[in-house]
Amino acid sequence: MLSIKIQTPATSANVGPGYDIFALALHEPRDEFEISLNDSGRITIEIENNIQNIPIEVKDNSAGLATLELFKKKNIEHGVHIKILKRMTSGGGMGTTGASAAGAIFGLNKLLNLNLSVNEMIDYARKGEIASGGSPHADNVAAALLGGFVLVKSYNPIDVLKLDLPDVPVVLAAIKKSQRTTRGFITYEIGQEKLKEQMARCSRVIHAIHTKDIKEFGKAISVDYIHEPVRGAAIPRYWDIKKKVLNAGALGCTISGGGSSVIAFCPPDKQEDIAVIMEREFNTNPNFVKVITTRTSNTGVRVIN
Ligand code: HSE
């Protein structure tokens, strides 16, 4: 086999209190990739219709960087061309860089018959994330590869667990970050009381998924003391809009991944109303792109040819 076509889902990382350890996959949008082997001895990246100006320099592109890492560790000298059709908003907390890195590693694992385990694929793919946020966080790449809800059980060594999610309607206000990453402003120095509450919330999220209790899930994901205070401060009227969305019947609302997108989980009969509220409230934000209505998905990356 010389080439493969795959599709990788958008993902929402952190899922409230699980900074860098939780993520979930969304049904839409999905990026598409065509990965082809050649004998050029070079890694090349192409983005179809690159209106978002995504870097195509190998070291600056998450798919390119993850591929470099894999080729270096495995002494692979093939040439490879990675063609990407981006449907996700870049820089909007939808895991777009994670999708690219995960797609590249998944595709190359198949094309080159490398027999990598899931944890090995996650470990290579997360290195690609350094190209965008400077940190090899595993949450987005894991959800992109596996689908469903993922929880990082250990970073050293990488060990990730996938849990199936009930089908939950989602409204996501896609908002681009005004800076490349806000990770540098986040502190773990949150004090004993908040740290205990944070750990309690993480346990509550996992329990809610095990018991398929989506109301409980919504409550559990709506509190975070690590990244939400920092990223929320960078989104005009975030706290006020979050309150409106919850008052309108959303099960839960938080910031998606590295921000600035805002994600709400909804009962099916409230999804449309909440989409209208998000559209109205975020419309004046200069970085607002669009409202996406979708749902959680248990499907990760998949081959499409
Ligand atoms: N856990 C990462 C962060 C996700 O919060 O920066 C980025 O999508």
Side-chain angles (χ1 to χ4, degrees), residues 8-26 29-31 52 54 61-63 65-66 86 88-103 122-123 125-147 149-156 158 160-161 170 172-188 190 198 201-202 205-206 221-235 238 253-263 287 289 292 294 296 300-301:
T8 315
T11 56
S12 181
N14 303 328
V15 198
Y19 181 56
D20 280 359
I21 61 166
F22 291 169
L24 53 79
L26 300 174
R30 288 178 169 262
D31 284 349
Q52 304 193 76
I54 294 163
N61 180 287
S62 57
L65 193 58
K86 275 275 156 219
M88 300 172 201
T89 303
S90 150
M94 280 183 225
T96 178
T97 54
S100 292
I122 293 169
D123 210 13
R126 77 189 179 100
K127 307 282 168 44
E129 293 281 32
I130 295 173
S132 60
S135 153
H137 56 92
D139 41 7
N140 291 107
V141 295
L145 282 163
L146 297 170
F149 175 89
V150 294
L151 96 95
V152 181
K153 291 197 293 181
S154 151
Y155 258 95
N156 190 16
I158 278 290
V160 172
L161 178 71
V170 166
L172 187 134
I175 303 167
K176 277 171 97 72
K177 278 193 280 284
S178 44
Q179 64 249 85
R180 187 163 153 263
T181 174
T182 45
R183 292 181 67 88
F185 301 105
I186 293 168
T187 173
Y188 284 99
I190 57 173
Q198 186 87 11
R201 291 284 167 160
C202 285
V205 172
I206 297 164
I221 64 107
S222 297
V223 175
D224 168 66
Y225 295 112
I226 294 180
H227 65 95
E228 195 185 21
V230 171
R231 289 168 170 161
I235 305 171
Y238 170 68
C253 179
T254 188
I255 294 171
S256 183
S260 304
S261 295
V262 175
I263 187 164
N287 298 320
V289 181
I292 297 168
T294 180
T296 55
V301 58

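Because the structure is a prediction, the values reported are computed rather than measured. Counting starts at 1 for both ligands and their atoms, following the listed order.
In this structure, the protein non-hydrogen atom closest to atom 3 (C) of ligand 1 is Arg183 NH1, 3.2 Å. Nearest protein heavy-atom neighbour of atom 4 (C) of ligand 1: Asn140 OD1, 3.4 Å.
In this structure, the separation between CG on Asp123 and OH on Tyr155 is 10.0 Å, given to the nearest 0.5 Å.
Of all the atoms in ligand 1, the ones that sit under 4.0 Å from a non-hydrogen atom of Tyr19 are 3 (C), 5 (O). Listed by number with element, the atoms of ligand 1 under 4.0 angstrom from any heavy atom of Ala13 are 4 (C). For ligand 1, the atoms sitting less than 4.0 Å from at least one non-hydrogen atom of Asp20 are 1 (N), 2 (C), 3 (C), numbered in the order shown with element in parentheses.
The aromatic rings of His227 and Tyr19 sit parallel to each other, their planes meeting at less than 30°, with 60° as the upper class boundary.
Side-chain polar atoms of Thr8 and Asp31 form no donor-acceptor pair below 3.5 angstrom. Side-chain contact annotation: Thr96 with Lys86, donor-acceptor N/O pair under 3.5 Å present.
Within the 4.5 Å cutoff, the side chain of Asn14 has no heavy atoms near those of the Asp224 side chain. Side-chain atoms of Asp20 and Val152, non-hydrogen and from C-beta on, never get closer than 4.5 Å to each other.
Residue His227 places every heavy atom at 4.0 Å or more from ligand 1. Ligand 1 has Arg231 within reach: a non-hydrogen atom of the residue lies less than 4.0 Å from it.
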